[in-house]
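Working notes, structure below.
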Amino acid sequence: MSELPGLRPVWGEVDLGAIRANVEILLDAVAPAQLLAVVKADGYGHGSIPVARAALAAGAQWLGVALVEEGVTLREAGITAPILMLSEPPLTAAAAVVKNGLTPVVYTRRGIEALAVAANKSDTSSALAVHLKIDTGMHRVGCTPSEAPELIELISSLPGVTLGGLCTHLANADDLQDSYTDDQIAVFEKVLEGVADRPDLIHAANSAGAIAHPSTRFNLVRAGIAIYGVAPSLEVSKKISLLPALSLHARVAFVHRLSAGAKVSYGSRYELKNAATIVTVPIGYADGVPRSLGLTGGEVLINARRYPLAGTVTMDQCMVDVGDDEIAVGDEVVLLGRQGNEEITAQEWADRLAMIPWEVVSGIGPRVPRRYRGEV
Ligand SMILES: *Cc1c(COP(=O)(O)O)cnc(C)c1O
């Protein structure tokens, strides 16, 4: 995206002070465990580089990414902290993993061998640390518990690689009634018991695990959504107080008065019962404001008051029914965040749209320029 500041009256504001505060709150909650700040998907839409810097400044010891490319972006920005790749890299990416000093999660024989070959070819003298992931019930990626011993054996037998960690991933940690987390941890513990030479790092927790299930913390937690100030679920939100870091803003681009009976937006699904002022806001679903938010009661804030979206959100614009209020071109609209005493959260969108807040924040697209507050 071109960087022409101010041309588009739309912006995402990221409060890095909130990121730092959330990291400190989490570190406090999980101590003595360490914290890995998950900054995949461009820092859940917040910007991976500034978030990574803020998280490290607040005491996070590790960063986590999904893609080799995401790790390279951090390295190119001069970030030297350890970076965990949360899933096994593609075989063809092994050399890039080694070259960029990323720490890969592994769980296949071929993946481990490819990394060992790449590490041996490189001119770095120290062995590449890898973390073995065991599938204890998420059934996304990982080796089976019974495969773990032979893969650990393989890692220790191959020159070039060394076992830096053992990990797993939780499927239901945001649901405090569900005993599945305990079952997963029991399976993981059983694997750990069979390992004579335990690596330095043992980790299982995502944000929900870190906050709500102490038995999942081991000595490192991998927190994503919580560092952005969003609780993984309503239940989990009662256990911790976090500060949302992202807000979404725009300015009114067009104002018109329509008569009773006028139908607004595609499909003519929003019909005015009375004459009303409809304002157009230049942000749409291509920016991450879901199309159906306008059909499910979605609201925005203008002058610290809530107003309903009028009809479907379009690709680049959406309409708002401001009734008889005086709203002018250029007035600020808050789509996510706070204005006065009103606040619209990612959870509110998620509840209206059968989504989760992770989708809401990571869905705010690259067309929306980000502004940063609280840089240190
Ligand atoms: C994304 C991810 C996390 C972070 O999850 P949150 O629920 O956002 O805290 C942790 N671990 C793994 C393996 C992940 O893929």
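As the structure lists them, so they are numbered: ligands from 1, and atoms in each ligand from 1.
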Does H249 have any ring-ring contact (aromatic ring centres under 6.0 Å, His included) partners at least two apart in sequence or in another chain, and if so, which? W11
For this output row, return yes or no: ring centroids of F218 and H203 closer than 6.0 angstrom. no
Please list, one pair per line, the donor and acceptor atoms closer than 3.5 Å that link side chains of residues 237-244 to other protein atoms, with sequence neighbours excluded.
from: S237; atom 1: OG; to: L234; atom 2: O; distance (Å): 2.5

Charged N to carboxylate O under 4.0 angstrom, R338 versus E342? no
For ligand 1, output the ligand-protein N/O contacts shorter than 3.5 angstrom; if there are none, return none.
from: ligand 1; atom 1: 7 (O); to: W358; atom 2: NE1; distance (Å): 3.3
from: ligand 1; atom 1: 8 (O); to: Y44; atom 2: OH; distance (Å): 2.6
from: ligand 1; atom 1: 8 (O); to: I225; atom 2: N; distance (Å): 2.8
from: ligand 1; atom 1: 8 (O); to: W358; atom 2: NE1; distance (Å): 2.9
from: ligand 1; atom 1: 9 (O); to: S207; atom 2: N; distance (Å): 2.9
from: ligand 1; atom 1: 9 (O); to: S207; atom 2: OG; distance (Å): 2.5
from: ligand 1; atom 1: 9 (O); to: G224; atom 2: N; distance (Å): 2.8
from: ligand 1; atom 1: 11 (N); to: R222; atom 2: NE; distance (Å): 2.9
from: ligand 1; atom 1: 11 (N); to: R222; atom 2: NH2; distance (Å): 3.4
from: ligand 1; atom 1: 15 (O); to: K40; atom 2: NZ; distance (Å): 2.8
from: ligand 1; atom 1: 15 (O); to: R140; atom 2: NH2; distance (Å): 3.2

Name each donor-acceptor pair under 3.5 Å that joins a side chain in residues 289-299 to protein atoms two or more places apart or in another chain, with its distance.
from: T296; atom 1: OG1; to: S292; atom 2: O; distance (Å): 2.9
from: T296; atom 1: OG1; to: L293; atom 2: O; distance (Å): 3.4
from: E299; atom 1: OE1; to: R306; atom 2: NH1; distance (Å): 2.7

So, do V105 and C167 sit near enough that their side-chain heavy atoms are less than 4.5 Å apart? yes
